[in-house]
Amino acid sequence: MPVWDERESEEFISPQYNLHLSFRHADRSAALPFLGGIGTITPFYLPNQEATDTMRTRFAPSPTGYLHIGGARTAFYSWLHARKHGGRFVLRIEDTDRERSTEASVNAILEGMTWLGLEYDEGPFFQTDRFDRYAEVIQQLLDKGLAYRCYCTREELDDLREQQMARKEKPRYNGKCRVGAQAREGVEPVIRFKNPTEGAVVIDDLVKGRVVIQNSELDDLIIARSDGTPTYNLTVVVDDWDMGVTHVIRGDDHLNNTPRQINLLRAMEAELPIYAHVPMILGEDGKRLSKRHGAVSVMQYREDGFLPEALLNYLVRLGWSHGDQEVFSMDEMIELFDIKDVNGAASIFNQEKLLWLNQQYIINAEPEYIAHHLGIHLGKLGIDPSEGPDILLVVKAQQERAKTLVEMAQISEFIYRDFDEFDPQAAKKHLRPVAQEPLEKMKAALAALEDWSIEALHQTVQQVSEALELKMGKVAQPLRVAVVGRAASPGIDETLALIGKEATLRRIDKALGFILQRVQAG
RNA sequence: GCUCCCUUCGUCUAAUGGUUAGGACGCUGGCCUCUCACGUCGGUAAUAGGGGUUCGAAUCCCCUAGGGAGCACCA
């Protein structure tokens, strides 16, 4: 069973989760009555569904891994489409492949969607709970003569395929058992759908436009394996129909499956959904996104310090645009996004642009929001934020300086603890003998300072600079390297304020020691 | 191999037959400045190739090339 973050589960997962429980464990024969034969079947409606004319989109991942970037985008597009039109967004888990499906993957997918904030209105439904229903539809197709048992063995099919490939033909089933096939000893038959042999299937795809496929290109696909379990093309079609899905938004790797599914839908005399096939997302090398490309799991982006809003904004702009606008609020995305405007071409995932967007979101976010997430990343560095200054002050000081929350934690480390070594480059440039006097003067002035406020600190640095007749940079930079260890930090006054008086004086001493050592070393 | 989809700066995209082909990321030069960053002003860089149609093509048609997907008792 999924393990939820208590706080988040209350908000929007819980209702579906309860339904999931009741759906999985209830007496299905009572809960899900089926009616009639082919032609008179009316789609049944799952317990929480309302009117049949409600627009519905769905996300239907197979739980064989985490939620990846491509899946997240199609889920998001489906979600946006439903939200925009006041429809419902359905989550369905396609777990009929029992070899590869895992509970852990289901949880990973739900966790990913939760993090992104893609709450679903119905589901999650599990296909493994619906085998009775699939069996029923298959039987009806059989009764109607729209499907048949095929007794060809795997070996025979393999041979057939090889021969066809050798002849440079498209491999497909030859329809041997289509008429008058006899049961064979020791062969458990599969069930095939009798695909039309003539004519063409027309798909008016919202993204790809009109796509026409000749039925002569299609063969009689298997809808039930020899062990009786249904296959993908059958289950999607039955589910989309039963669940009242009106808009099928999915990856364009499914475009080639669509004509088969349409033929199946027609055989069941079901209403056809509207299709939208969105293109793939490619890695930086132009190849299909894979583990080689690093962070492909959406949860990895959380680990890496990205905000979910930034990731969604990036994904919506990947393949879609609204004039010159780059940054969109969630409301704007819902209002402006239109699946019809999605580009038909595959696009390359560009980490640099995502980083830029993430920084924009960090800059514009409420400090409280950032602080909440920053705490986690500080914790990973072994830092307890409560042992330092108010974390809101840290966020405000660093907000414009980090592309990710991980980076923000890293560049804030100096606030919480002394560093071990000076950055060699920075020390070489700034901790030189000429810096000795400014540092000593600063130390004295700071030691005497009672009011450790940003304003007072600013004045102090300025006064010391003026007294030495130096530009402020000549004083502030050595001081910065002394207390931060590096040449970059927030304004020197803010920096000192965050570090505190005691640590500041201690670190200046250390820097003076460093310079002395350097002089002696020659 | 066959079928389907796709092709504008390095990347994401705008331009629905008439624009000096626009914006954004990146890279880069200036400004701002105590550093870094933010911000700001500039620069760099594209219609895959070839044929048509048209007064006029990134845009419509055809061919070629390149990329992707599908052709499973996976989803």
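Letters go in sequence order (proteins before strands), and every chain restarts at 1.
- Using a cutoff of 4.0 Å between basic side-chain nitrogens and carboxylate oxygens, A:Arg92 and A:Glu94 are scored as salt-bridged.
- An OP1 or OP2 oxygen of B:C38 is reached within less than 4.0 angstrom by no side-chain nitrogen or oxygen of A:Gln399.
- No hydrogens or angles considered: a donor-acceptor pair under 3.5 Å links the side chains of A:Gln477 and A:Arg480.
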Handout entry: Where protein sits on nucleotides 16-30 of chain B, one letter per nucleotide: B base, S sugar-phosphate only, - none, heavy atoms under 4.0 Å
Key = ------BBBSS----
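- Contact annotation for A:Gln359: backbone-only contact, meaning every heavy-atom pair under 4.0 Å involves sugar-phosphate atoms and none involves a base.
- A:Gly491 comes within 4.0 angstrom of a base, heavy atoms only.
- In this model, the phosphate group of B:A75 is approached by a side-chain N or O of A:Thr96 to a distance below 4.0 Å at OP1 or OP2.
- Look at the C1' atom in both B:A15 and B:A57: the space between them is 13 Å, to the nearest Å.
- Summarising the geometry, the separation between CG on A:Leu218 and C1' on B:C2 is reported as 13 Å, rounded to the nearest angstrom.
- A cation-pi arrangement is absent between A:Arg130 and A:Phe125, since the terminal nitrogen or guanidinium carbon is not both under 6.0 Å from the aromatic centre and inside a 45° cone about the axis.
- The distance between the ring centers of A:Phe59 and A:Tyr120 does not fall below 6.0 angstrom.
- With a cut-off of 3.5 Å on both pairing distances, B:A57 has no Watson-Crick or G-U wobble partner at all.
- A donor and an acceptor atom, one from each side chain of A:Asp227 and A:Thr229, are located under 3.5 Å apart.
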Completion exercise
Letter by letter from the 5' end, nucleotides 63-73 of chain B scores (B base, S sugar-phosphate only, - none; protein heavy atoms under 4.0 Å) -----SBBBSB
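- Across the strands present, B:G17 finds no partner; the criterion is a Watson-Crick or G-U wobble pair with both atom distances under 3.5 angstrom.
- Across B:G42 and B:G56, the matching P atoms stand 37 Å from one another, rounded to whole Å.
- For the residue pair A:Asn215/A:Asn263, the side-chain donor-acceptor check at 3.5 Å is satisfied.
- At least one test fails for A:Lys208 against the ring of A:Tyr275: distance under 6.0 Å to the centre or angle within 45° of the axis.
- In this structure, A:Ile348 places its CD1 atom 5 Å from P of B:C12, rounding to the nearest Å.
- The base-pairing partner of B:A69, taking Watson-Crick or G-U wobble contacts with both distances under 3.5 Å, is B:U3.
- Judged by distance alone, the side chains of A:Tyr301 and A:Asn358 never bring a donor and an acceptor atom under 3.5 Å apart.
- In this structure, A:Ile492 places its CD1 atom 18 Å from P of B:U33, rounding to the nearest Å.
- For B:U13, the OP1/OP2 oxygens have a side-chain nitrogen or oxygen of A:Ser347 closer than 4.0 Å.
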